[in-house]
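These notes concern the structure reproduced below.
The first residue in the sequence is number 1, and the count goes up from there.
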Amino acid sequence: MEITTALIEEKLIQLIELLPESQQKEYLNQLSHIAANSPLQQIGYAIAMSDFLQKFLSRPLNPTNTTNQEFQFTQWLKSPPTFADCDNYSQHLAIILNDVIDEDGLYRNLRYFRYQEMAKLSFCQSLNLATVEQIFIQLSELAEALIIGARDWLYPKACEEMGTPLDDNGYPQQLYILGMGKLGGKELNFSSDIDLIFTYPQAGETSGGRRAVDNQKFFTRLGQRLINALDQFTAEGFVYRTDMRLRPFGDNGALALSFSALEQYYQDQGRDWERYAMIKARVLGLKENDPQALILQKLLRPFVYRRYIDFSAIQALREMKNKIAREVRRRGLINNIKLGAGGIREIEFIVQVFQLIRGGRENALQQHSLLNILPELSRLSLITAEQERALRAAYIFLRRVENLLQAIDDQQTQVLPDNQLDRSRLILGCKQYSYFDEYQNITMHSEPFANWEGFYHTLQQHQKNVRDVFNGLIGEEKEDNNESEQWAGFLDADQTEILQILTENGVEQAHQAELAEKLQLFNLSLARRAIGHRGREVLTRLMPTLLNLIFLQTDYNTLLPRILNIIDKIAGRTTYLELLQENPPALTQLIELCSHSPMIAEQLARHPILLDELLNAQALRNPLPLNEYSAELTRYLLRLPPDDEELFIDGLRQFKQMMLLKVAAADILGVLPVMKVSDHLTYLAEAIIGAVVNFAWEQVSRRFGVPEALLDKPDEKGFLVVGYGKLGGLELGYKSDLDLVFLYQPLPGFTAGGKKSIDNNQFYLRLAQKIVSIFSLNTSAGVLYEVDMRLRPSGDAGLLGCSFQAFENYQLNEAWTWETQALVRARSVYGEAHLQHQFTEIRQRVLMTPRDINKLTQDVIEMRQKMYEHLSHSSKDQFNLKTDRGGITDIEFIAQYLMLAHAPKNPLLTRWSDNVRIFDSMVEQNIILQDEGEALKNAYTAMRNKIHQLNLLGHPPIVEENQFVSERQFIYQCWQRWLENSV
């Protein structure tokens with residue numbers, strides 16, 4: 001279907017039939033000879049371009065009047081809007097909201113006002129009554145007016161309820177709103193989300209309310225109400241999808257921060273991507289000479305704009321570019337004019353990288369609008385005049401296409417349509433738009449094209465122009481690719497030819513037949529699969545290079561099947577083949593990692609998404625700082641749609657796999673010693689635990705609300721996660737599961753704020769169940785962690801969570817000795833600081849409880865014997881590092897025994913939960929000699945290191961009998977002396 005006279009008439013008839021019968025005949029008669037530029041002709045064309053506009057014109061002029069109903073269409077027939085009508089939003093909205101008496105009225109009027117003004121802009125856009133730039137500026141002005149109008153209506157109501165927030169001098173404070181992204185740059189799309197950050201000048205408290213509340217609580221509640229006013233879906237729809245995830249710490253951060261807290265965050269923890277985001281940050285509703293707004297702008301500027309020429313931004317941009325490319329691959333984005341090659345995002349990156357590099361020295365670059373900055377880049381000779389014109393033309397064209405797409409039905413999309421009607425709308429809309437040429441100081445008009453092919457050719461040319469500039473400025477040179485001519489034509493070779501090539505490569509004759517068979521089976525497998533022409537071409541170029549690299553390795557016999565398995569798994573996903581073919585360093589990295597670890601090779605084959613991580617060899621050799629895992633996970637999850645549980649859980653698994661790959665790579669390359677490997681794996685697990693608990697809390701509280709006592713404490717959950725075993729001892733391995741116990745603060749009463757109210761104890765049990773189910777769910781990305789809850793009070797017979805009081809009572813009065821042993825290696829891994837302190841005190845009291853030494857010794861010996869009988873099954877010529885005599889378990893039991901035996905008289909012994917520092921404490925408190933402590937630590941770390949190595953090789957923790965002989969003898973002697981000889 002195309003936009004024809006017949007289609008326009010059909011759509012007009014649908015509107016005319018809404019009119020009173022007395023008017024219908026008059027307008028139906030006009031359809032056969034519509035006057036040029038008449039209201040009927042203009043409306044007809046505009047509704048043919050936009051279903052959204054047609055829906056609006058079908059609405060009543062006054063939704064509250066059920067009699068003598070008049071429609072928007074009637075009003076527009078009398079006087080169609082002009083672009084001059086698309087202005088003064090704040091004043092018009094203020095008049096409307098002045099008569100609103102409750103929040104229902106606020107919601108209704110905000111939505112109606114937005115709908116009405118968007119319809120006018122759609123009309124002006126379709127009829128080319130304004131330039132592309134004017135349209136997105138007015139879209140931004142409209143959004144700003146609605147946000148500030150809602151804030152200013154809600155603020156006095158909040159003051160009536162909670163009092164007025166004051167600063168140190170007793171002056172009232174306002175909520176300041178930073179508009180981010182396209183809103184901040186006054187470049188908003190027709191159907192954009194809005195990204196906001198809330199802040200306020202000073203800490204303090206309110207005055208004049210029923211009781212004083214601190215300013216953060218006041219502004220948090222005000223912010224929540226503002227978000228609801230904008231984002232909540234009602235019968236009238238919504239105003240804007242509102243995203244607050246760009247604030248410090250994302251979803252985990254406070255909804256509103258004081259200026260000083262905001263400044264401190266960006267000084268101490270601000271990341272490169274936050275610098276990019278903050279370029280566009282603009283104070284909304286800015287009043288002239290507002291001193292607080294000036295302070296806010298001043299404190300943010302040093303974070304974004306460095307005083308020196310900051311070339312580090314180029315590398316940061318490359319990394320962000322790679323992340324976007326991975327996102328495009330993950331989501332299978334095709335014909336996306338924003339994220340695709342040469343799209344809107346690349347133009348934004350080009351401009352923003354120069355702002356970050358030189359903005360500290362060139363004040364002209366400290367602006368929000370991309371189109372204002374482009375000529376400055378040319379003036380400073382950072383890009384050529386020709387590049388500036390190409391980028392400007394491409395940006396205007398792509399933004400025109402984006403707005404036309406979104407105005408069709410008020411839907412957020414950047415993907416080209418595949419139906420004829422919407423394509424026809426784009427062709428017509430892009431035939432006749434105008435834009436302002438900065439150099440010639442005149443309004444320019446677009447080049448016409450006759451059909452979709454012409455449109456698409458023009459689009460591709462613009463994207464190519466952008467890509468050329470992008471690659472020229474920040475692209476990386478490819479390394480020379482010296483392929484082995486011997487492997488050319490490999491995909492078409494038969495087994496005889498492959499044998500000949502293997503001989504020429506110096507492969508031992510004993511391995512030739514086996515390897516030739518593997519290569520031939522690989523070829524036959526590819527031949528049976530539909531990998532497409534493009535995939536075949538990439539494989540033809542990739543395989544000679546890859547095989548040449550493999551047969552340069554001494555371990556080619558074991559390496560070849562690992563690599564072939566990976567290629568076989570990704571053969572149908574050309575983007576990953578291209579990733580390897582176009583990035584020689586990534587290919588080299590793949591060979592190195594797979595050569596050292598079949599575990600990594602198997603992970604890469606099962607989850608090809610991990611191949612993206614090979615692009616950054618530096619990151620593989622430099623794992624994240626330990627305190628960055630939580631923040632990095634937060635940033636990673638920000639890319640996912642909110643409230644999509646399946647994507648969230650998949651995202652957690654993918655993040656874990658990526659981080660495991662980086663840790664394993666650093667381990668293989670000798671960057672991390674064994675203690676640091678465990679630290680990284682432990683901090684990774686803690687970050688994931690935190691994300692899971694927060695997500696589970698959101699899911700459960702959405703249904704049941706939260707305990708009523710926590711309604712005024714949005715940052716508290718009254719819930720603690722305790723890690724036992726290797727998690728508690730900061731000693732996780734690559735394949736470790738998580739031993740968890742859940743504790744909660746007992747709160748009387750029921751939940752509030754959800755669809756259904758339940759007892760608070762029941763709420764925490766639901767929360768615990770949800771957490772366990774998230775960890776255990778098996779998705780396409782695998783299981784997150786195996787979770788073991790058997791160390792909770794009463795084990796499998798007990799509830800999934802229990803109160804602190806019940807936990808302490810159980811530990812003191814009912815726990816078996818082995819449960820108290822387990823408590824030695826327990827520590828809190830998630831929860832509020834006061835709850836963590838409470839658990840630490842309980843643990844200390846339990847461990848310091850005086851006990852019968854003879855009974856303790858006997859219980860520990862008997863438990864160790866049971867474990868040995870049930871778990872140790874290695875043959876006589878082998879040694880199981882974990883379960884056999886003289887192994888890891890014996891060392892752990894020695895540490896636990898010594899603590900339980902001596903802690904009642906030595907409280908300092910209870911400080912640590914990891915074995916190494918426990919032995920250090922034993923030495924410091926003269927429980928054992930220094931030589932003994934060092935020997936125990938050395939044996940323990942040596943065995944753990946060996947287990948890590950075996951994990952990477954995919955082997956069980958078993959070595960030959962002649963290994964660790966002296967260590968085992970020493971451990972056995974310690975066991976005999978400290979336990980068995982004392983019975």
Side-chain angles (χ1 to χ4, degrees), residues 193 241 243 245 250-252 273 322-334 336 339 412 415 566 569-570 572-573 575-576 579 599-616 619 624 628-664 681 683-700 702-703 721 732 734-738 740 767 769-787 830:
D193 293 354
R241 291 174 293 268
D243 194 334
R245 293 178 294 175
D251 283 340
N252 294 325
W273 69 268
N322 290 333
K323 286 183 178 179
I324 289 174
R326 292 198 294 269
E327 188 72 10
V328 171
R329 280 196 293 272
R330 284 189 183 104
R331 295 168 58 187
L333 299 178
I334 300 172
N336 189 298
L339 299 180
Q412 187 181 37
V415 178
I566 293 172
K569 293 294 192 296
I570 65 172
R573 304 173 71 172
T575 50
Y576 287 117
L579 182 154
M599 181 192 82
I600 289 180
E602 183 59 33
Q603 281 291 93
L604 290 170
R606 290 178 58 198
H607 309 291
I609 196 172
L610 297 176
L611 290 170
D612 290 326
E613 304 308 312
L614 301 180
L615 290 174
N616 192 344
L624 286 175
E628 281 288 306
Y629 279 101
S630 182
E632 184 67 17
L633 175 56
T634 299
R635 289 191 286 273
Y636 184 82
L637 295 175
L638 283 179
R639 298 179 301 177
L640 305 176
D643 302 325
D644 190 321
E645 182 170 352
E646 184 177 352
L647 282 179
F648 173 83
I649 294 173
D650 265 342
L652 286 176
R653 283 150 178 72
Q654 290 170 1
F655 181 82
K656 178 194 173 186
Q657 291 157 2
M658 289 188 294
M659 294 301 111
L660 279 179
L661 175 64
K662 291 179 179 180
V663 173
L681 296 176
Y683 276 76
L684 168 62
E686 288 184 29
I688 291 174
I689 289 169
V692 170
V693 174
N694 289 331
F695 187 78
W697 180 273
E698 290 177 10
Q699 296 287 304
V700 175
R702 186 173 299 154
R703 182 178 180 189
V721 180
L732 283 183
Y734 291 109
K735 297 183 178 181
S736 295
D737 57 10
L738 303 182
L740 302 179
L767 176 63
Q769 290 168 348
K770 186 65 178 178
I771 293 168
V772 173
S773 73
I774 291 174
F775 274 113
S776 305
L777 184 64
N778 196 347
T779 71
S780 58
V783 172
L784 189 52
Y785 283 99
E786 296 289 347
V787 173
Y830 175 89

E786 atom CD: more than 12 heavy-atom contacts under 6.0 Å: no
More than 12 heavy atoms from other groups under 6.0 Å of OH on Y683: no
State, to 0.1 Å, how close [X] and [Y] come at their nearest heavy-atom pair, and which atoms those are.
| X | Y | value |
| --- | --- | --- |
| P608 | I570 | CB-CG2, 3.4 Å |
| V692 | L784 | CG2-CD2, 3.8 Å |
| L777 | R653 | O-NH2, 2.6 Å |
| L684 | K656 | CD2-O, 4.1 Å |
| I774 | A696 | CD1-CB, 4.1 Å |
| K770 | V700 | CB-CG2, 3.9 Å |

Residue pair L740, V772: steps toward the side chain to side chain contact (heavy atoms under 4.5 Å, CB included) verdict: CA-CA 10 Å; L740 302 179; V772 173; over 6 Å; no
Whether R703 side chain and Q699 backbone form a donor-acceptor pair below 3.5 Å: no
Any Q412 side-chain heavy atom under 4.5 Å of R241 side chain: yes
Side chain to side chain contact (heavy atoms under 4.5 Å, CB included) between Y629 and I688, worked out: CA-CA 9 Å; Y629 279 101; I688 291 174; over 6 Å; no
Distance in Å, [X] [atom1] paired with [Y] [atom2], rounded so as to fall on 0.5 Å steps:
| X | Y | atom1 | atom2 | value |
| --- | --- | --- | --- | --- |
| E686 | L681 | CD | CG | 11.5 Å |
| F655 | Y636 | CZ | OH | 8.5 Å |
| Q654 | H607 | CD | NE2 | 9.0 Å |
| L610 | L660 | CG | CG | 9.0 Å |
| N252 | T634 | CG | OG1 | 4.5 Å |
| L633 | M658 | CG | CE | 9.0 Å |

From CA spacing to verdict: side chain to side chain contact (heavy atoms under 4.5 Å, CB included), L624, K662: CA-CA 9 Å; L624 286 175; K662 291 179 179 180; 5.9 Å; no
Counterpart residues, side-chain contact (heavy atoms from CB on, under 4.5 Å), relative to A685 (two or more places apart): L727, L732, L738, Y785
Between D251 and N694, a side-chain donor and acceptor under 3.5 Å: no
